[in-house]
Amino acid sequence: MTTDDGLPPLRKVIEAHGLAAKKSLGQNFLFDLNLTRRIARTAAPFEGFTIVEIGPGPGGLTRALLMEGAKQVIAVERDQRALAALAEIEAAYPGRLTVIAGDALAVNWASTVHGPAKIVANLPYNIGTPLLTGWLTEGPWPPWFSSLTLMFQKEVADRIAAAPGSEHYGRLTVLCQWRCTVHKMFDVHRSAFTPPPKVTSSIVQLLPIVPAIACNVKTLERVTAAAFGQRRKMLRQSLKSVFDVPEAVLEPLGIAPTARAEELTVADFARLALQV
Ligand code: SAM
């Protein structure tokens, strides 16, 4: 039995290559090509872009990207066991898939990806946030990628897309929404994965923007770390590690020194970072 792309069903691929999921690698595989094609279409159009995929595993999303028309996919996979399965996809789509065997956290993107690029991934849950933070903070801005279409645990997606005042609003929200417009696309029930994770997942899309207030990213992170590190405290207290007299900085900006971190907008944090 084969699928639309002439390759074996993913369950057979897993069996043939002994790809029992490893928890240590955050492996929760998607077998339903209708679902992975829906994720791929969320990131389209692909014309003129290199598509970077993190953690292709047995290749469900990779195949979907190729079926949906991606001409150039670079996939970074740490699990050596998956490489033979990925080689079969490479052979089915000559010249369109490059597999890099290694740790996505250690890749030098500037020397690996040339020209316009989009990142699409069902991320391993244990490195999803560090990868995203790295893409948003390292290197020049605007960055080397035009969009990020990523699957996270729903709780992380909620943090990325949170509004001020929400319990999910925090450091990750401010960083993401300062540098990108954020769109929550759709949820994926745990039963879609093998093995099923404990929680629902969500697809989020981030589109880089030129920030309205151009502060230094490391300084912004310093301010948000201090403010949200003590999120129950008033800013006049929590920001003491950043400013000698926080009131003297907050009041001229029209921010109440008695406010708490979650009440500030993303722009407020950027304006504060300009004062450091
Ligand atoms: N893309 C596949 C899918 O959707 O079915 C697999 C997704 S699974 C959630 C995460 C994948 O990331 C696994 O294949 C795992 O081996 C890989 N992975 C884990 N840590 C990695 C790392 N540091 N660098 C690259 N890939 C990694």
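All heavy atoms count here, side chains included; hydrogens, waters and symmetry mates do not. We count ligands from 1, going down the list as the structure has it; atoms in each ligand are counted the same way.
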Taking [atom] as the reference point, the nearest protein heavy atom with its distance:
{"atom": "atom 4 (O) of ligand 1", "result": "Asn122 ND2, 2.8 Å"}
{"atom": "atom 19 (C) of ligand 1", "result": "Leu25 O, 3.1 Å"}
{"atom": "atom 27 (C) of ligand 1", "result": "Arg78 CB, 3.8 Å"}
{"atom": "atom 20 (N) of ligand 1", "result": "Pro124 CG, 3.7 Å"}
{"atom": "atom 5 (O) of ligand 1", "result": "Leu30 N, 2.8 Å"}
{"atom": "atom 13 (C) of ligand 1", "result": "Gln27 CG, 3.6 Å"}
{"atom": "atom 11 (C) of ligand 1", "result": "Gly55 O, 3.4 Å"}

Assess [X] for proximity to ligand 1: is some non-hydrogen atom of it under 4.0 Å away?
{"X": "Lys22", "answer": "no"}
{"X": "Gly102", "answer": "yes"}
{"X": "Pro56", "answer": "yes"}
{"X": "Gly26", "answer": "yes"}

Exercise. Backbone N or O of Ser202 within a donor-acceptor pair of the Asp187 side chain at under 3.5 Å?
Worked result: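 No.
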
For this session: Determine yes or no for a side-chain-to-main-chain donor-acceptor pair under 3.5 angstrom, with Arg78 supplying the side chain and Ala104 the backbone.
Result: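 Not a single qualifying donor-acceptor pair exists.
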
For the 3.5 Å polar cut-off, considering only N or O atoms, please tell me whether [X] and ligand 1 meet it.
{"X": "Phe29", "result": "no"}
{"X": "Asp103", "result": "yes"}
{"X": "Glu77", "result": "yes"}
{"X": "Ala104", "result": "yes"}

Exercise. Considering only heavy atoms from C-beta outward, does the side chain of Asn216 approach that of Leu220 to under 4.5 Å?
Worked result: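 No, their side chains stay 4.5 Å or more apart.
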
Exercise. Is Cys176 close to Leu206 at the side-chain level, that is, under 4.5 Å between some pair of heavy atoms?
Worked result: yes

State plainly whether one hydrophobic cluster holds both [X] and [Y], where clusters connect Ile, Leu, Val, Met, Phe, Trp and Tyr through side-chain heavy atoms under 4.5 angstrom apart.
{"X": "Leu123", "Y": "Trp109", "answer": "yes"}
{"X": "Leu25", "Y": "Leu30", "answer": "no"}
{"X": "Phe29", "Y": "Val188", "answer": "no"}

Subset of ligand 1 atoms that lie under 4.0 Å from at least one heavy atom of [X]:
{"X": "Gly57", "result": "14 (O)"}
{"X": "Val76", "result": "25 (C), 26 (N)"}
{"X": "Asp79", "result": "16 (O)"}
{"X": "Ile127", "result": "21 (C), 22 (C), 23 (N)"}
{"X": "Asn28", "result": "7 (C), 8 (S), 9 (C)"}
{"X": "Glu53", "result": "1 (N)"}

Exercise. Any idea which heavy atoms bring Thr194 and Ala21 closest together, and the distance?
Worked result: O-CB, 4.5 Å

For this session: Can you see which heavy atom on Ala101 is nearest to which on Leu83, and at what distance?
Result: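 In this case the closest contact between Ala101 and Leu83 is CB-CD1, 3.8 Å.
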
Exercise. Less than 6.0 Å separating the ring centroids of Phe49 and Phe145?
Worked result: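 Ring-ring flag for Phe49/Phe145: false, centres at least 6.0 Å apart.
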
Exercise. With a cut-off of under 6.0 Å to the ring centre and 45° to the axis, is Arg159 in cation-pi contact with Tyr169?
Worked result: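 The answer is no, since Arg159 fails at least one limit relative to Tyr169.
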
For this session: May I ask you to identify, for Met151, whether its side chain, its backbone, both or neither come under 4.0 Å of ligand 1 on a heavy-atom basis?
Result: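 Met151 to ligand 1: no contact under 4.0 Å from either part.
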
Problem set entry | Which segment of Leu105 sits under 4.0 Å of ligand 1 when only heavy atoms are counted |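 Neither part.
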
Exercise. Do Glu53 and Thr62 have a side chain donor and acceptor closer than 3.5 Å?
Worked result: yes

Exercise. With no hydrogens and no angle check, do the side chains of Thr149 and Gln205 hold a donor and an acceptor under 3.5 Å apart?
Worked result: yes

For this session: Walk me through it: do Asp4 and Arg37 pass the test salt bridge (charged side-chain N to carboxylate O under 4.0 Å, His left out)?
Result: CA-CA 12 Å; Asp4 284 358; Arg37 289 183 76 164; 3.6 Å; yes

